[in-house]
There are 2 protein chains.
Amino acid sequence: MSHTVGELAALAGVTVRTLHHYDRIGLLTPSGRTSAGYRVYELSDVDRLQQVLVYRGLGFGLEEIGSLLDDPDVDAGEHLRRQHQLLLEQRDRTDRMVAAVEKEMEALDMGTPMTPQEKLEVFGDWLPEEYADEAEQRWGDTTEWSQSQARTAAYSKQDWLDIKAETDDLERRLAAALAEGAPADGERAMDLAEEHRQHISRRFYDCSHELHACLGRMYTDDERFTAYYEGIAPGLAAYLSTACQANAARHAA
Amino acid sequence: MSHTVGELAALAGVTVRTLHHYDRIGLLTPSGRTSAGYRVYELSDVDRLQQVLVYRGLGFGLEEIGSLLDDPDVDAGEHLRRQHQLLLEQRDRTDRMVAAVEKEMEALDMGTPMTPQEKLEVFGDWLPEEYADEAEQRWGDTTEWSQSQARTAAYSKQDWLDIKAETDDLERRLAAALAEGAPADGERAMDLAEEHRQHISRRFYDCSHELHACLGRMYTDDERFTAYYEGIAPGLAAYLSTACQANAARHAA
DNA sequence: CTTGACCCTGACGCGACGTCAGGCACTTCC
DNA sequence: GGAAGTGCCTGACGTCGCGTCAGGGTCAAG
C-alpha cells in the first residue's frame with residue numbers, strides 16, 4: 001500500500017524530481033519517512049497527487065492548487081465536480097479550435113480569404129472570463145447586463161456557433177459596404193446598423209437606439225473593440241460607429 | 001491591414017511582452033518597422049502567429065515550433081492537417097480524464113474503493129507515444145509488434161474503454177486470488193494467467209505460452225511493469241509473473 | 001563485501017514569459 | 001505650441017516548474 005518516490009513517480013507518469021519539488025514547496029508531503037530518510041507515500045498521498053495532477057493539467061499554478069486542496073470547506077466530491085466542470089470547458093475550447101482549424105482548411109481549399117479576426121478569435125475567449133470581469137465592472141448594475149447574463153447562460157454550443165455565423169455574415173456585409181464606398185451615414189450602412197442592433201436584441205439584451213449609439217461610440221473609444229473591427233477591415237470601427245449613430249438619429253427623427 | 005504590437009496582442013489575446021519575446025528569439029519577426037522603430041505586423045505575420053499559438057497550445061516548445069514552421073518541405077495545409085490531428089488527440093485525452101473523474105465520482109458515491117493504479121493511469125498515456133518509442137526499439141522487428149500495431153490502430157475509443165474494463169476486471173480477480181492466499185503456481189492462478197494470455201491474443205497479438213512466460217518475467221524485471229502491478233496490490237507483479245510461467249509449463253507438459 | 005539500483009540533499013540551469021525602469025513617439029486638448 | 005496622456009522602444013532582473021548534475025548514503029543480490 002505504500003510506495004517509494006520512484007514507484008509513485010512511475011505510477012503517476014511524473015519524474016522523481018517533480019515529487020521532490022512538490023515535497024519542498026509543501027504541495028505533497030509524503031505521509032512518512034523510513035529511518036534512512038526515504039520518502040514513504042501512502043494511499044492518501046496518491047489521492048492527493050491525483051487531484052494535483054488534474055488541476056495542474058487544467059493550467060492551475062502549484063501554489064493555487066495547494067490552497068484549493070487545503071481549503072477545509074471543500075471536500076473531495078466538490079473537487080471532483082469542479083474538475084469535471086473545468087474539463088468539460090477545456091474540451092469545448094479544444095472543440096472550438098478544431099472547428100477553427102477545419103474552417104481554415106476549408107478556406108484554404110476553396111481559396112476563400114479569412115479576416116485576421118476570424119483566424120485569431122478562437123484563442124481570445126472573446127466574451128468569457130477575463131473580459132467578463134471587466135464587463136461586469138462597467139455594466140454590472142444595468143438591466144441589460146443581467147438580461148444578457150440570463151440568456152447567454154442557457155446557450156448551447158450550437159447556439160454560440162449560430163451566433164458566430166450571424167455575426168460573421170453581418171460583419172462581412174459591413175466590410176463590403178465600406179469597401180464599395182457606401183457612406184457611413186447613408187441608407188445602406190444604416191440598414192446594416194439596424195440589423196446589428198436587432199441581432200443584439202435577439203441574442204443578448206434589448207438594445208435601444210440610444211444604447212446602440214452609445215455602443216457605436218465605444219467601438220472607436222475602446223481600443224479592443226477598435227482592434228476587433230480594424231482586424232476585419234481597416235476603417236470598419238469608425239464606419240460602424242458612425243452608422244450606428246446615424247441610424248439612431250434617423251429613428252429619433 | 002497592418003497592425004502595431006498592441007493591436008496584434010489584443011487580437012490574439014496575448015501580451016505585448018510575448019510578441020517582443022517572439023521577436024527576439026526569431027519566432028515571429030514583424031514584417032516591417034516604422035521610421036521610429038515601431039514593429040509593423042502584416043497579414044502574413046498574423047497567419048504565422050496563429051500557427052504558433054495552435055502549436056503552443058498543443059504543448060510544443062517555442063524553438064520546436066520555429067523549426068516546424070520554418071521547414072520548407074511543409075506547407076500551410078500540412079500544418080493544418082497536423083494540428084487537426086493533434087487537437088483530436090488532445091480532445092481524446094481530455095475525454096479520458098473526464099471519464100476517469102466521472103468514474104471516481106461514482107466510486108465515491110457508491111463507496112467502492114479504487115486501486116491507486118486506476119486513479120492514476122489516466123495521465124500516464126500508458127501505451128502511446130513516449131512508451132511506444134521504447135517499445136518499438138525493443139520489439140520493433142517482431143511480428144507480434146507489427147500485429148499489435150495493425151490491430152490497435154483500428155481501435156475506437158469505445159474499444160479502448162472495453163479493453164480497459166476487461167483488464168481491470170482480470171486484475172481485480174488476480175488481486176483477489178493473491179489476497180485469498182491461492183498459490184501463484186496453483187490452478188486458480190494459472191487459469192487467470194491463461195485468461196490473461198487469451199486477452200492479449202484477442203486484443204493485441206498472438207501470444208504463445210512461451211512468449212507469455214517471457215512477458216511474465218518482464219513484470220518483475222522491468223521496473224515500470226512492476227510499479228504498475230504493485231500499484232494494484234503489493235506482491236501482484238511477482239504473483240502474476242509466477243502464474244504466467246507456471247501456466248506455460250503446464251501447457252508444455 | 002562488492003556491485004548496482006535506488007534514495008537523499010543542495011545547487012545551478014532553463015524556458016517562457018512578467019514586471020519594472022528609463023526614454024522616445026505621437027496625438028490631443030488647451 | 002506646449003503639456004498631458006497613451007503607446008512603443010530596449011535592457012535587465014524576477015518567477016515558476018521543473019531538468020540536470022554533483023556528492024554521498026542505503027539496500028538487496030550475488
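The sequence lines fix the lettering, A, B, ..., with proteins before strands; numbering per chain opens at 1.
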Residues in salt bridge (charged side-chain N to carboxylate O under 4.0 Å, His left out) with B:Glu63, at least two apart?
-> none

Contacts of type salt bridge (charged side-chain N to carboxylate O under 4.0 Å, His left out), residue B:Arg48, not counting sequence neighbours = B:Asp70

Set of residues satisfying ring-ring contact (aromatic ring centres under 6.0 Å, His included) with respect to B:Tyr55, sequence neighbours excluded = B:Phe60, B:His79

Name all residues meeting the salt bridge (charged side-chain N to carboxylate O under 4.0 Å, His left out) criterion together with B:Arg250; count only those two or more places apart in sequence or in a different chain, and write none if there are none.
-> B:Asp191

Side-chain N or O of A:Arg56 closer than 4.0 Å to phosphate OP1/OP2 of D:dC18 | yes

Using 4.0 Å as the upper bound for N to carboxylate O, is an ion pair formed by A:Arg33 and A:Asp23?
-> yes

Tell me: CD of B:Glu7 to P of D:dT6, nearest whole Å?
-> 17 Å

Please give, in whole Å, the distance from C:dA16 C1' to B:Phe60 CZ?
-> 17 Å

Classify every nucleotide of nucleotides 21-30 of chain D by which part a protein heavy atom approaches to under 4.0 Å, writing B for the base, S for the sugar-phosphate alone and - for neither, in 5'-to-3' order.
-> ----BBS---

CG of B:Leu62 versus C1' of C:dC14: gap in Å, rounded?
-> 12 Å

Between CD of B:Gln83 and CE of A:Met97, what distance do you get to the nearest 0.5 Å?
-> 7.5 Å

Is the shortest side-chain N/O distance from B:Thr15 to OP1 or OP2 of C:dG18 below 4.0 Å?
-> yes

Rounded off to whole Å, could you give me the NE2-to-P distance for the B:His3 and D:dC8 pair?
-> 13 Å

Please identify each residue that fulfils side-chain hydrogen bond (donor to acceptor under 3.5 Å, both in side chains) with B:Thr18, with sequence neighbours left out.
-> B:Thr15

Once you round it to whole Å, what is the distance between C1' of D:dG7 and CZ of B:Arg39?
-> 13 Å

Nearest whole angstrom, please: distance from the C1' of C:dG15 to the CD of B:Glu63.
-> 10 Å

Taking CG from A:Leu27 and C1' from D:dC16, how many angstroms apart are they, rounded to a whole number?
-> 13 Å

Residues in side-chain hydrogen bond (donor to acceptor under 3.5 Å, both in side chains) with A:Gln85, at least two apart?
-> A:Glu89

Whole Å only: how far is the CD atom of A:Glu64 from the C1' atom of D:dG17?
-> 15 Å

Name every residue in residues 18-26 of chain B that has at least one heavy atom under 4.0 Å from any atom of DNA chain C, in order of residue number, or write none if there are no such residues.
-> B:Thr18, B:His21, B:Tyr22

Residues two or more places apart in sequence or in another chain: which of them pass salt bridge (charged side-chain N to carboxylate O under 4.0 Å, His left out) with B:Arg24?
-> none

